[in-house]
2 protein chains.
Amino acid sequence: METTLTISVQDYLKAIYELTAGGEPANTTALATRLGIAPASVTGMIQKLSRIKPPLVEYRKHQGVKLTAQGNKAALEVIRHHRLIEAWLVQTLGYSWDEVHAEAEQLEHAISEDFEARIASALGNPERDPHGEPIPSVNLTMPEDTLLPLAALRKGQAAIVKRVNAENPELLRHLDSLGLVPGTKIEITDYSPYDNNLTVLIDDQDFVIGLAISTKIFVEKF
Amino acid sequence: METTLTISVQDYLKAIYELTAGGEPANTTALATRLGIAPASVTGMIQKLSRIKPPLVEYRKHQGVKLTAQGNKAALEVIRHHRLIEAWLVQTLGYSWDEVHAEAEQLEHAISEDFEARIASALGNPERDPHGEPIPSVNLTMPEDTLLPLAALRKGQAAIVKRVNAENPELLRHLDSLGLVPGTKIEITDYSPYDNNLTVLIDDQDFVIGLAISTKIFVEKF
DNA sequence: ACAAATATTTAGGTGATCCTAAATATTTTA
DNA sequence: TAAAATATTTAGGATCACCTAAATATTTGT
């Protein structure tokens with residue numbers, strides 16, 4: 001048995017937050033896919049969220065959804081929880097960066113504001129989680145990142161890895177094995193315009209990095 | 001809005017576990033009161049739990065409920081989570097014993113078995129939580145306590161406080177202020193058979209302790 | 001041992017979140 | 001620009017965990 005778990009409002013808001021990162025409203029199908037439910041169910045919930053007392057989302061038929069200021073705050077609150085928990089699992093319980101996402105996904109809904117404050121303080125109010133993702137501040141504003149995707153670098157350029165946009169544990173273990181983790185200094189030794197592959201010098205060794213990966217790694221030029 | 005939260009199967013099992021501690025089956029009304037729902041709702045859920053594939057409870061109309069072996073394991077699993085979390089909140093995040101219950105109540109449902117193992121190991125596999133309640137072992141057996149309620153002591157007897165059966169934060173703070181916490185050595189300096197009050201010497205000071213409290217404090221004779 | 005009080009169960013209903021299938025709107029392609 | 005493909009919404013339904021009110025069973029008090 002063990003009841004099929006229902007998706008929380010916070011999960012909807014977080015998904016919308018992520019899908020609207022580029023500025024465009026999120027569309028029903030993308031949301032449905034991400035949440036693992038039918039598009040029709042998304043429509044229903046979104047209509048509800050757009051009609052409650054202080055609306056959490058802004059919605060117009062066939063035009064997709066965006067978060068209201070209210071909804072944005074609520075999303076950032078969960079994201080702050082999530083990222084603080086990830087940092088804390090790594091630093092105090094010896095988790096590796098590929099293990100923390102699933103655990104944090106559950107815990108983010110269960111912790112109190114007091115708990116949040118205690119781990120934030122115990123960790124020295126960190127600004128990034130183990131993947132380098134910025135942690136929203138206590139007053140719920142998201143720090144702006146001015147990082148470049150690795151894919152934007154060209155031959156000869158050097159940089160420091162700052163952020164890895166990935167949750168998939170297998171991929172994360174792979175990146176870890178390459179040394180492609182926040183803090184690592186890298187240099188582009190070759191670039192193939194034909195297939196967009198980069199040859200990257202990491203810890204004195206060359207690796208060929210494809211487009212799929214190089215758009216997920218964010219760096220700061222050296 | 002923020003959806004009215006529904007009671008989990010684990011919460012039912014935990015409540016039944018606690019209400020059947022004395023050996024008698026738990027009755028519908030007591031369960032309903034403890035869970036904060038209507039008796040009719042309890043009847044419905046219990047009937048369901050008694051009919052699922054491996055039944056979690058044993059139920060006969062008008063005769064109350066008991067846990068099956070399966071149900072017992074499931075209850076001990078949550079209780080282990082709860083008590084480990086309490087111990088860990090106190091030892092690593094500076095919570096006081098009156099603050100941990102509510103937080104643990106949420107977290108106990110959100111942690112993985114891996115998380116459980118990590119905190120158990122980080123704490124050195126503790127046998128008791130901050131209130132002195134025994135923590136079920138990894139293989140889910142509850143260690144037997146052979147403690148006496150403080151109420152059973154008489155004039156002249158000395159003992160060490162081992163366990164405090166209370167969740168109420170206000171009461172816990174009160175007990176803390178008296179020094180009535182696990183580890184404290186006490187001595188009965190007087191007993192009034194009329195009202196069952198005990199006069200107890202705690203840290204060189206006498207306190208009068210009523211029946212309501214003295215049945216919640218468990219001790220080991222000195 | 002019976003009536004009264006109490007406890008429990010049954011019956012029927014509500015709201016929440018999901019579903020599928022059909023209807024409609026939008027976007028793409030030729 | 002019209003047909004085809006795709007995306008979205010509407011309509012109607014299922015399930016789940018709760019509810020209240022009424023029916024029934026058990027326990028208590030005299």
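So you know, we letter chains A, B, ... as the sequences are listed, proteins then strands, and number each from 1.
Side-chain polar atoms of B:E99 and B:S96 form a donor-acceptor pair below 3.5 angstrom. In this model, no donor atom of one side chain and acceptor atom of the other lie less than 3.5 Å apart for B:E58 and B:T68. Counting only N and O atoms by type, the side chains of B:Q10 and B:H81 include no donor and acceptor under 3.5 Å apart. Donor-acceptor pairing under 3.5 Å is lacking for the side chains of A:D129 and A:H82.
Regarding contacts with the backbone of D:dA25, every side-chain N or O of B:Q63 stays at 4.0 angstrom or more from both OP1 and OP2. Within the structure, a side-chain polar atom (N or O) of A:Q47 is placed less than 4.0 Å from OP1 or OP2 of D:dT10.
Residue B:T28 is in sugar-phosphate contact alone, with no base atom involved, counting any heavy-atom pair closer than 4.0 Å across all strands shown.
Nucleotide D:dA25 holds its C1' atom 11 Å from the OH atom of B:Y59, rounded to whole Å. Note: CE (B:M45) to P (C:dT8) measures 18 Å, nearest angstrom. The distance from atom CD of A:E24 to atom P of D:dA7 is 16 Å, rounded to the nearest whole Å. In this entry the distance linking CD1 of B:I37 with C1' of D:dA17 reads 8 Å, nearest Å. In this structure, the CZ atom of A:R60 is 16 Å from the P atom of C:dA25, given to the nearest Å. The distance between atom CG of A:L49 and atom C1' of C:dT17, rounded to the nearest whole Å, is 12 Å. Between B:H62 atom NE2 and C:dT9 atom P the separation is 5 Å, expressed in whole Å. For the pair B:K61 NZ and D:dA23 P, the computed distance is 16 Å after rounding to whole Å.
Proximity note for B:T6 (side chain, C-beta onward) versus D:dC18, D:dT9, C:dT10: the nearest is D:dC18. Distance from the side chain of B:T29 is smallest for C:dA7 among the nucleotides D:dC16, C:dA7, C:dT9. Taking only side-chain atoms of A:T43, from C-beta outward, the nucleotide of C:dT8, D:dT9, D:dT26 with the closest atom is D:dT9. In this structure, of C:dC18, D:dT26, D:dC16, it is D:dC16 that holds the atom nearest to the side chain of B:K48. You'll find that the side chain of B:A38 is closest to D:dT20, out of C:dT9, D:dT20, C:dC18.
For the side chain to side chain contact (heavy atoms under 4.5 Å, CB included) criterion with A:I188, the lone passing option out of A:T199, A:L198, A:I209 is A:L198.
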